[in-house]
Colleague: 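One structure follows; several queries about it will come next.
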Amino acid sequence: MAQLDIHIGTYGYLAYLWADNLKKFVKVAMPSVDIESLDKQMGIAHIQKSPANSEGKAIITAALVDIESGVSLKAIEDQIDMKSNVPEQLVKFDQECVDAFLQDLSEIPIGNARYWYSHVIRDIKKSVGQRPQVYYKFDSRDPKFAEASQKWVAENRED
């Protein structure tokens with residue numbers, strides 16, 4: 001696969017992610033992922049699968065998400081040291097998730113990747129139905145994003 005321009009975290013999204021094997025959706029806040037050849041709105045959701053253990057490590061899933069459909073395109077899981085520099089660890093983790101997705105796409109010529117992506121998402125949307133179409137996009141440096149993120153995710157506990 002040719003060299004691609006990839007940018008992570010330029011924007012922040014408040015969107016929905018299908019969860020529990022496409023049985024329900026949850027509200028997530030996530031940094032954007034821009035892959036030049038796809039020209040689609042994507043983000044990386046971080047889901048903490050377990051509380052931190054006695055060593056301060058928690059199991060985290062990073063999921064590359066299609067913003068418009070809420071479908072996870074690729075997910076990887078690993079332990080994160082919650083006592084160390086968590087943001088730095090998440091950046092590396094995000095890159096691993098994007099790299100794994102691109103590896104999956106490596107057999108598809110770049111010219112056909114956008115076509116493939118659109119059809120896969122369309123087919124998944126047909127099979128799982130619609131989720132709320134609302135999502136919000138912020139400049140990731142906007143201080144309102146952090147506050148809005150906390151409120152958005154907290155609504156999961158209220159729903």
Colleague: Of all heavy-atom pairs between M42 and D66, which one has the smallest distance, and what is that distance?
Modeller: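 Scanning both residues, the minimum pair turns out to be CG-CA, 4.5 Å.
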Colleague: Scan side-chain atoms only and decide if S50 and K57 contain a donor-acceptor pair under the 3.5 Å cut-off.
Modeller: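 No, no side-chain donor-acceptor contact under 3.5 Å.
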Colleague: CD/Q89 to NE2/H46 distance, rounded to the nearest 0.5 angstrom?
Modeller: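 Rounded to the nearest 0.5 Å, the CD-NE2 separation comes out at 11.0 Å.
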Colleague: Please report the shortest heavy-atom distance between M30 and V28, naming the atom on each side.
Modeller: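 Smallest interatomic distance, heavy atoms only, reads CE-CG2, 3.2 Å.
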Colleague: Got a sec, which pairs hit salt bridge (charged side-chain N to carboxylate O under 4.0 Å, His left out) with one end in residues 96-108, sequence neighbours left out?
Modeller: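 Listed once each, the pairs are K74-D104.
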Colleague: As a quick check of understanding, evaluate side chain to side chain contact (heavy atoms under 4.5 Å, CB included) for I47 and L17, giving each step before the final call.
Modeller: CA-CA 11 Å; I47 300 112; L17 167 65; 3.9 Å; yes
Colleague: Identify the residue among V33, I44, I8, L73 that makes a side chain to side chain contact (heavy atoms under 4.5 Å, CB included) with C97.
Modeller: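 Result: among V33, I44, I8, L73, I44 is the only option passing the side chain to side chain contact (heavy atoms under 4.5 Å, CB included) with C97.
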Colleague: Let me know which of Y135, Y16, Y13, F145 forms a side chain to side chain contact (heavy atoms under 4.5 Å, CB included) with W152.
Modeller: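 Per the side chain to side chain contact (heavy atoms under 4.5 Å, CB included) rule, the option paired with W152 is Y16, out of Y135, Y16, Y13, F145.
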Colleague: Drop me the distance from L90's CG to D78's CG, to the nearest 0.5 angstrom.
Modeller: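 Atom-to-atom, L90:CG and D78:CG are 11.0 Å apart.
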Colleague: If every non-hydrogen atom of S32 is compared with every non-hydrogen atom of T10, which pair is closest and at what distance?
Modeller: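 Answer, listing the atom of S32 first, then T10: OG-N, 3.3 Å.
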Colleague: Mind checking the CG-CD1 spacing from L38 to I6? Nearest 0.5 Å is all I need.
Modeller: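 Rounded to the nearest 0.5 Å, the CG-CD1 separation comes to 9.0 Å.
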Colleague: Are V26 and I67 connected in the hydrophobic side-chain network, where two residues link if heavy atoms are under 4.5 Å apart?
Modeller: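 They do share one cluster, since a chain of ILVMFWY contacts under 4.5 Å joins V26 to I67.
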Colleague: Ignoring hydrogens, what is the shortest heavy-atom contact between E68 and Q41? Give both atom names and the distance.
Modeller: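 That closest heavy-atom pairing would be OE2-NE2, 3.4 Å.
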Colleague: At their closest point, which heavy atom of G9 faces which heavy atom of P31, and how far apart are they?
Modeller: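 Result for this residue pair: CA-CB, 3.9 Å.
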Colleague: As a quick check of understanding, evaluate side chain to side chain contact (heavy atoms under 4.5 Å, CB included) for R122 and H119, giving each step before the final call.
Modeller: CA-CA 5 Å; R122 182 197 67 205; H119 280 76; 3.1 Å; yes
Colleague: Rounded to the nearest 0.5 Å, what separates atom CD in Q79 from atom CG in N53?
Modeller: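 The CG atom of N53 is 6.5 Å from CD of Q79, to the nearest 0.5 Å.
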Colleague: Drop me the distance from D34's CG to H7's NE2, to the nearest 0.5 angstrom.
Modeller: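 Going from the CG atom of D34 to the NE2 atom of H7 covers 7.0 Å.
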Colleague: Which pair of heavy atoms, one from F93 and one from T61, lies closest together, and at what distance?
Modeller: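 Closest approach of F93 to T61, heavy atoms only: CE2-C, 4.1 Å.
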Colleague: Please examine the side chains of Q48 and I60, heavy atoms only from C-beta on, and report whether any two atoms are closer than 4.5 Å.
Modeller: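 Side chain of I60 against side chain of Q48, heavy atoms only: contact under 4.5 Å found.
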Colleague: With side chain to side chain contact (heavy atoms under 4.5 Å, CB included) as the test, would you mind laying out the steps for I108 and Y115 before giving the verdict?
Modeller: CA-CA 10 Å; I108 300 170; Y115 176 82; over 6 Å; no
Colleague: For Y11, I'd like to know if atom OH has over 12 heavy atoms of other residues, nucleotides or ligands within 6.0 Å.
Modeller: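 It does not: Y11 OH has 12 such atoms or fewer within range.
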Colleague: So, using salt bridge (charged side-chain N to carboxylate O under 4.0 Å, His left out) as the criterion, who are the partners of R141 when residues are at least two apart?
Modeller: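 By the salt bridge (charged side-chain N to carboxylate O under 4.0 Å, His left out) rule, R141 matches D139.
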Colleague: So, taking the atom named CZ in R114 and the one named CD1 in I35, what distance separates them when rounded to the nearest 0.5 Å?
Modeller: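 Separation between the atoms: 12.0 Å.
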Colleague: State, yes or no, whether a side-chain contact exists between L105 and Y117 at a heavy-atom distance under 4.5 Å.
Modeller: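 Counting from C-beta outward, L105 and Y117 never come under 4.5 Å.
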Colleague: Count I, L, V, M, F, W, Y as connected when their side-chain heavy atoms are under 4.5 Å apart, and connections chain through other members. Are I76 and V91 then in the same cluster?
Modeller: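 No, no single cluster joins them.
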Colleague: Look at the side-chain heavy atoms of Ile, Leu, Val, Met, Phe, Trp and Tyr, link any pair under 4.5 Å apart, and say whether I80 and V153 land in one connected group.
Modeller: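 No, no single cluster joins them.
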Colleague: Name the orientation class of the two ring planes belonging to F101 and W116 (parallel below 30°, tilted from 30 to 60°, perpendicular beyond 60°).
Modeller: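 The arrangement is tilted - the two ring planes meet at 30° to 60°.
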